[in-house]
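As the structure is a prediction and not an experimental result, all values here were calculated from the model.
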Amino acid sequence: MSLVLVVDDQADLRELLRRWISAAGHEVMEADNAAAALAAFVRRPADVVFCDVQMPGGHDGLWLTGELRRRYPMAAVVLATGVSTVPPVVSLRAGVLAYLIKPFDRVRLIAALDAAVKWHEDAKAAGPLPEDGGDRLSAWLKSLDAGLAP
């Protein structure tokens, strides 16, 4: 069972996602904005973060993705948005494993989460980071990013 942090400012959507993700066998934490999500993540790091791109509160999902990638490079991120103003290739290069356009269905969500869980497990298998930030993990992340390039 993986721990998934769901970040969205819409409470009804968070509830639906919690039910879908829980039914797929994962534990779920919730946050209603990016700053609250980062604080929750610091208290209890999640394996996967499912995050809306646009949220109120001064920070968006891309900011959260950048913070997670910098501080917790083994966390997998899935982004979702109701608008298509952020090209998926931009978010994918920022370390995002999937980019879902709302409305999406449960099948697409679970497929994205399955891929994110696998990515997280592979990152953990790469081994712990050295104190200096880890050239090995950086090289591994860059190789994954290169594989996503168009």
Side-chain angles (χ1 to χ4, degrees), residues 1-11 13-15 17-18 20-22 24-83 85-102 104 108-149:
M1 173 167 47
S2 295
L3 177 59
V4 179
L5 173 59
V6 174
V7 188
D8 199 294
D9 58 310
Q10 297 177 345
L13 180 57
R14 282 195 319 272
E15 171 62 20
L17 294 174
R18 185 193 59 73
W20 285 357
I21 295 167
S22 294
H26 304 288
E27 184 179 355
V28 180
M29 296 188 316
E30 298 178 37
D32 63 359
N33 65 62
L38 187 57
F41 196 98
V42 168
R43 285 189 304 276
R44 186 169 179 217
D47 304 317
V48 176
V49 177
F50 181 90
C51 186
D52 189 17
V53 172
Q54 294 185 334
M55 293 176 285
H59 296 296
D60 62 14
L62 294 177
W63 174 85
L64 179 60
T65 299
E67 289 298 305
L68 292 173
R69 188 63 49 230
R70 185 173 60 82
R71 299 179 189 193
Y72 306 95
M74 292 184 194
V77 179
V78 175
L79 286 179
T81 187
V83 296
T85 57
V86 179
V89 72
V90 170
S91 56
L92 288 172
R93 288 184 189 270
V96 175
L97 298 167
Y99 187 87
L100 302 176
I101 304 293
K102 296 177 184 176
F104 50 84
R108 285 191 177 161
L109 171 70
I110 299 306
L113 286 178
D114 287 347
V117 167
K118 167 112 175 60
W119 187 92
H120 173 73
E121 290 170 354
D122 289 348
K124 283 189 343 187
L129 289 175
E131 291 295 320
D132 66 359
D135 291 334
R136 188 181 59 192
L137 184 62
S138 296
W140 178 73
L141 287 171
K142 286 178 184 176
S143 73
L144 289 177
D145 189 41
L148 296 173

May I have the step-by-step check of side-chain contact (heavy atoms from CB on, under 4.5 Å) for M29 and R43, ending in yes or no? CA-CA 11 Å; M29 296 188 316; R43 285 189 304 276; over 6 Å; no

Kindly compute the distance separating [atom1] ([X]) from [atom2] ([Y]), expressed to the nearest 0.5 Å.
X	Y	atom1	atom2	result
L68	M74	CG	CE	14.0 Å
L64	N33	CG	CG	9.5 Å
L113	I21	CG	CD1	5.0 Å
L100	T81	CG	OG1	10.5 Å
F41	E67	CZ	CD	12.0 Å
M1	D47	CE	CG	10.5 Å

Name of the residue among L5, V4, V96, T65 meeting side chain to side chain contact (heavy atoms under 4.5 Å, CB included) with V49: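 So, applying the side chain to side chain contact (heavy atoms under 4.5 Å, CB included) to V49 and each of L5, V4, V96, T65, only L5 qualifies.
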
Locate the shortest heavy-atom distance separating [X] from [Y]; write the atom from each residue and the value.
X	Y	answer
G61	C51	CA-SG, 3.6 Å
D32	M55	O-SD, 4.3 Å
A116	A76	O-CB, 3.3 Å
W20	F104	CH2-O, 4.0 Å
A34	D60	CB-O, 3.7 Å
A36	A31	C-CB, 4.0 Å

Could you check if a side-chain atom of [X] sits within less than 4.5 angstrom of a side-chain atom of [Y], using non-hydrogen atoms only?
X	Y	result
V48	H26	no
Q10	D52	no
H120	L97	no
R18	V6	no

Charged N-O contact under 4.0 Å between K118 and D114: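 No.
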
Check this for me: R71, atom CZ, are more than 12 non-hydrogen atoms of other residues, nucleotides or ligands nearer than 6.0 Å?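 Result for CZ/R71: enclosed.
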
Checking Y72 against V42 for the side-chain contact (heavy atoms from CB on, under 4.5 Å) test, could you report, in this order, the C-alpha distance in whole Å, the side-chain angles of both residues, the deciding distance, and whether it holds? CA-CA 9 Å; Y72 306 95; V42 168; 3.4 Å; yes

